[in-house]
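What follows is one structure encoded as C-alpha cells, with my remarks underneath.
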Amino acid sequence: MMTMNDLFDIKGRVAVMTGACGVLGSTIVRYFARQGCKVVLLDLEKARETGEGIVSEIKKDGGEAMFLSTNVLDEDILRRNLDDILKAYGSIDILLNGAGGNMGPANVGPEQTIFDMDIDATRKVFELNIMGAILPTRVFTSAMVERGKGSIINFCSMSSFRPLTRVCGYGMAKSALASWTQWLSGELAIKFGEGLRVNAIAPGFLLTNQNRSLLTNPDGSLTERSRQILGHTPFGRFLEPDELCGALHYLASDASKGVTGTVVAVDGGFNSFSI
C-alpha cells in the first residue's frame, strides 16, 4: 500500500518527452533522469548530436536514457518510436508534450495589421502546437490504456489564458491546447479509467533560444517588450528552466492522482497580477 512518503516517487517510470533537446526540454529530461526515471528524448533528426550528448551525460551519472529521432506531425514515425520505446522499456508512464514553438511571420508587430499576417506561417505554428501534441498523445497513450495508468502533460503558455499582443498564431494555438487538455482529461477518464490523467503547465516568461532576440538586444540589454513583461510580473524577473520541474514532478507523480484537466501556471505571478 502506498504511503504518504511514496506519493512523489517516480523512480523506475518511463518518461517520454517530445521537443526534448531545447533549453527547457534538456533541463526537464535531466531532472526526470535524476529522479530515477528512464527517459526517452524525442526530437528532430537535426537535434541528434545534442540529444545523444544528453543521453551520454545521463548514463554517465548512472541513469537510463535514449534518444529517438521523430517528427511530431508524422504518425507513422511516432508509431515506430513507440515500438522502439516498448522494446527498450516495456511501457510508457509519463508523456511530456514539449514540442512546439513560434515563427516570426505568424506574429503581428506594432507597425503591422492583421492584413500583414502570414497565413502559411500561422497555419504551421498552429499545426505544430496543436497537432504536435494530439498526434503523439494518440500514439503513446495507447500503451498507457493497456495498463490503465499514465500521466500526460502538455505545455501551454501565458497566452493560453488570455491573448498577448503580437503572438497571434502562437496565442491561438496555445489557448486551443488548454481546451484540448481539458477535453481529453474527461474523455480518457470516462472511457479508460481514472488512472489516465491529462494536465498542462503554463510557463511564464523564460529566456530561450527561440525568444532571445525578441527579449534582449544584441548587447544583452532588455528590449521594451521585456520591460513590459517584467513590469507585469510580481517576481520582477524571468523564470529559470529548472523552476518548471517541481510542478512537472507533481503532475507526473501519484501526489496528483486526483488531479486532471488542470493547467498549472508557473509564471512568477504574471497571470494573476493586475494593477
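Here the structure is a predicted model, which means the values were calculated and not measured.
- Partners of Glu224 under the salt bridge (charged side-chain N to carboxylate O under 4.0 Å, His left out) rule, at least two apart in sequence or in another chain, are Arg227.
- Phe161 meets the ring pair (Phe, Tyr, Trp, His ring centres under 6.0 Å) test with no other residue; sequence neighbours excluded.
- You'll find the side chain of Ile54 reaches within 4.5 Å of the side chain of Arg30, heavy atoms only.
- Considering only residues two or more places apart in sequence or on other chains, Ser221 meets the side chain to side chain donor-acceptor pair (under 3.5 Å) condition with Asn217, Asp219.
- The main-chain N or O of Met158 is never found under 3.5 Å from a side-chain atom of Asn271 such that the two would form a donor-acceptor pair.
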Listed pairs under 3.5 Å, donor-acceptor, residues 35-44 side chains, sequence neighbours left out:
{"residue": "Asp43", "atom": "OD2", "partner": "Ala20", "partner atom": "N", "Å": "3.3"}
{"residue": "Asp43", "atom": "OD2", "partner": "Cys21", "partner atom": "N", "Å": "2.9"}

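- Applying the salt bridge (charged side-chain N to carboxylate O under 4.0 Å, His left out) rule to Lys60 yields no partners; only residues at least two apart in sequence or on another chain are considered.
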List the atom pairs, donor and acceptor, that lie under 3.5 Å between side-chain atoms in residues 183-192 and the rest of the protein, sequence neighbours left out.
{"residue": "Ser185", "atom": "OG", "partner": "Gln182", "partner atom": "O", "Å": "2.6"}
{"residue": "Glu187", "atom": "OE2", "partner": "Lys191", "partner atom": "NZ", "Å": "2.7"}

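- For Val139, the side-chain contact (heavy atoms from CB on, under 4.5 Å) partners at least two apart in sequence or on another chain are Glu75, Leu78, Arg79, Leu82.
- Side-chain polar atoms of Asn107 and Asn102 form a donor-acceptor pair below 3.5 angstrom.
- Side-chain contact, Thr137 with Asn97: a donor N or O sits under 3.5 Å from an acceptor N or O.
- Pairs engaging residues 33-92 under the ring pair (Phe, Tyr, Trp, His ring centres under 6.0 Å) rule: none recorded [sequence neighbours left out].
- Contacts of Asp118 classified as salt bridge (charged side-chain N to carboxylate O under 4.0 Å, His left out), with partners at least two apart in sequence or in another chain: none.
- With sequence neighbours left out, Glu45 forms a salt bridge (charged side-chain N to carboxylate O under 4.0 Å, His left out) with Arg48.
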What donor-acceptor contacts under 3.5 angstrom involve side-chain atoms of residues 238-251, with partners at least two apart or in another chain?
{"residue": "Glu243", "atom": "OE1", "partner": "Arg237", "partner atom": "NH1", "Å": "3.1"}
{"residue": "Glu243", "atom": "OE1", "partner": "Glu240", "partner atom": "N", "Å": "2.8"}
{"residue": "Glu243", "atom": "OE2", "partner": "Arg237", "partner atom": "NH2", "Å": "2.7"}
{"residue": "His249", "atom": "ND1", "partner": "Tyr31", "partner atom": "OH", "Å": "2.7"}
{"residue": "His249", "atom": "NE2", "partner": "Phe8", "partner atom": "O", "Å": "2.6"}

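- Nearest heavy atom pair, residue Cys156 against residue Ala200, reads SG-CB, 3.7 Å.
- Taken from CZ in Arg34 to NZ in Lys11, the straight-line distance is 15.5 Å, to the nearest 0.5 Å.
- In this structure, the side-chain contact (heavy atoms from CB on, under 4.5 Å) partners of Arg166, at least two apart in sequence or on a different chain, are Pro110, Leu214, Arg225.
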